[in-house]
Amino acid sequence: MSRKTSLSGFHEWLPQERLVELHVLNTLAEVFELHGFSSIETRAVEPLGTLLRKGEIDKEVYTVSRIHETNAPDPEDTSRLALHFDLTVPFARYVIENAGHLTFPFRRYQIQKVWRGERPQEGRAREFTQADIDVVGDGALDFRHDIDVALVMAEALSTLPIGQFIIRINNRKLAEGFYQGIGLTDTAGVLRNIDKLEKIGVEKVSEALQEELGASPEQAKLALALAQIRAEDSSFVDDVRALGVENELLEEGLTELAEVIDQLYKRAPGTAVADLSIARGLDYYTGTVYETNLVGHEQLGSICSGGRYDALATKGKRTFPGVGLSIGVTRLISRMFSQDMVQASRNVPTTVYVALTDDDDWSSAQDIAQSLRARGISTEVATKAEKFGKQIRHADRRGIPYVWFTNYDEAGDASHEIKDIRSGEQVSVDLDTWMPPTDDLRPVITKVEDTAN
């Protein structure tokens, strides 16, 4: 289904692809709302300085300027407007500005476009859609929300036709406490290098830790030993303690991560693992961190990531800690298309095509369509009374499953028949009561392998 667009990095879906995207977006919104998350939308632009305040993303930001600006824009002017590169930083600003109107803990979901000036490739676009959930507190936020957002995301992803996925979870307190315990004080530097482990491998990360951060071979060995611990349950705690490192922050992180993993193991088995190589590159994460991979599509990278942030949003002495996860919807959908992972039961939302016997019947056909639409049945009406075979072929080409025929007797009374184009069956029906099977009311999106079985 997928094809290249004329402007690299900016997707435009065909109608049948858009049906898949809408299915994903609507499914996510439904699950998020079932768990009490409120929908918000933030503006597309923020002051450049706001976007550059956190993380190392300055080269990815698109700035905004008017054609008729008198002077050329100053690239150093952080008051300039720029398109947001994610939804978390704008959300932090939104919370600060609207704190007096929100009830905390505030549960929000947001599905919106974002922009990054990246080199386009599969899984990376310059304009793409993200779907975020966050829980934010006022002054404090119970740790159990770290578990809650992971369970919600596991449920949301499980409802999509994407196959198996794994949420890989770590805790920054655990990692930083461990590094401090072995004498590595530049914990942010260690995390940045550990974050490259899957890309460059153990040997190069070890070299970087020693050459860039002054780690001894033994310190580098221990840091890498920690990063290679992985478990589906809290058994990882014993593996960490076996490395012989003691630190108060380490113990706090171990306790938190064990609680998250135990609950996911109990309530969503097979969807999550403790993976102590997960670091997350952005600086604002302070506790639990998450990354999610599609099984069999690991080269795509993370499709859903996030974490705990205790100081992203502040207003004077008031702080708004939070925890959240973000799905890269466009990244996920692009892979679904490129690998033919899904298919739609039809290419259009229309369920019924009302045929015309005579051109004078068009107004009456509109009445029929109105009656069907009142029951939630998507309906189109023919514009010309062509031969029935031609009208049927038109509906077939459009992917419409049913054609409606109306016959009028000499007294002007109408009788109705419906033809299922797929089976060829044509039966008499009652206009006031007929309903198609549930699966025919809307296009159904299914995994290709499920359809084949």
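Computed from a predicted model, the values in this text were never measured in an experiment.
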Identify the heavy atoms of [X] and [Y] that sit nearest to each other, and give their distance.
X      : Y      : answer
Ala268 : Ala154 : CB-CB, 4.2 Å
Ala414 : Tyr408 : CB-CE2, 3.6 Å
Phe236 : Ala274 : CD2-CB, 3.6 Å
Met341 : Ile162 : CE-O, 3.5 Å
Pro47  : Arg43  : CD-NH2, 3.9 Å
Gly301 : Asn293 : O-ND2, 3.2 Å

Can a salt bridge be assigned to the pair [X] and [Y] using a cut-off of 4.0 Å between side-chain N and carboxylate O?
X      : Y      : answer
Arg93  : Glu46  : yes
Asp396 : Arg398 : no
Lys384 : Asp358 : no
Glu256 : Lys173 : yes
Arg116 : Asp86  : no
Arg168 : Glu198 : yes

State whether the side chain of [X] and the backbone N or O of [Y] hold a donor-acceptor pair below 3.5 Å, judged by distance alone.
X      : Y      : answer
Arg346 : Thr350 : yes
Asp409 : Gly412 : yes
Arg331 : Ser302 : yes
Glu33  : Ser38  : no
His84  : Lys113 : yes
Thr292 : Ile303 : no
Arg144 : Ile147 : no

Quiz prompt | CA sep, side-chain torsions, deciding dist, call: Glu176, Leu191, side-chain contact (heavy atoms from CB on, under 4.5 Å) | solution = CA-CA 8 Å; Glu176 292 180 15; Leu191 283 167; 3.7 Å; yes
May I ask you to test the [X]-[Y] pair for a side-chain heavy-atom distance under 4.5 Å?
X      : Y      : answer
Leu51  : Phe85  : yes
Ile169 : Val273 : no
Val149 : Met153 : no
Thr406 : Thr357 : no
Phe91  : Ile40  : yes
Leu28  : Ile327 : yes
Val61  : Leu48  : yes
Thr379 : Gln366 : no

Quick one: sort the [X] and [Y] rings into parallel, tilted or perpendicular, breaks at 30° and 60°.
X      : Y      : result
Phe337 : Trp13  : perpendicular
His416 : Trp404 : tilted
Tyr109 : Phe32  : tilted

Quiz item: What do the steps show when you test Asp132 against Leu325 for side-chain contact (heavy atoms from CB on, under 4.5 Å), and what is the final call?
Solution: CA-CA 6 Å; Asp132 287 20; Leu325 278 159; over 6 Å; no
Practice problem: Could you walk me through whether Gln110 and Thr42 pass side chain to side chain donor-acceptor pair (under 3.5 Å), step by step? | Solution: CA-CA 8 Å; Gln110 190 171 350; Thr42 56; 2.8 Å; yes
Quiz item: Can a donor-acceptor pair be found between the side chains of His394 and Glu386 at a distance below 3.5 Å?
Solution: no
Quiz item: Is there a donor-acceptor contact under 3.5 Å linking the side chains of Asp275 and Tyr290?
Solution: no
Quiz item: Going through the distances and angles, do Asp310 and Tyr285 end up as a side chain to side chain donor-acceptor pair (under 3.5 Å)?
Solution: CA-CA 7 Å; Asp310 287 329; Tyr285 293 117; over 6 Å; no
Quiz item: How many angstroms lie between OG1 in Thr351 and CZ in Arg373, if you round to the nearest 0.5 Å?
Solution: 11.5 Å
Practice problem: Given side-chain contact (heavy atoms from CB on, under 4.5 Å), test Val260 with Phe143 step by step and report yes or no. | Solution: CA-CA 9 Å; Val260 174; Phe143 168 73; 3.5 Å; yes
Practice problem: Assess whether ring-ring contact (aromatic ring centres under 6.0 Å, His included) is satisfied between Phe320 and Phe106, documenting all intermediate values. | Solution: CA-CA 10 Å; Phe320 301 93; Phe106 177 50; over 10 Å; no
Self-check item: Ring-face cation contact, Phe388 with Arg393, 6.0 Å cut, 45° max
Solution: no
Self-check item: Stepwise side chain to side chain donor-acceptor pair (under 3.5 Å) test for Gln112 and Thr129
Solution: CA-CA 5 Å; Gln112 240 178 291; Thr129 301; over 6 Å; no
Practice problem: Please lay out, stage by stage, how Glu17 and His11 fare under the test side chain to side chain donor-acceptor pair (under 3.5 Å). | Solution: CA-CA 11 Å; Glu17 294 171 331; His11 292 289; over 6 Å; no
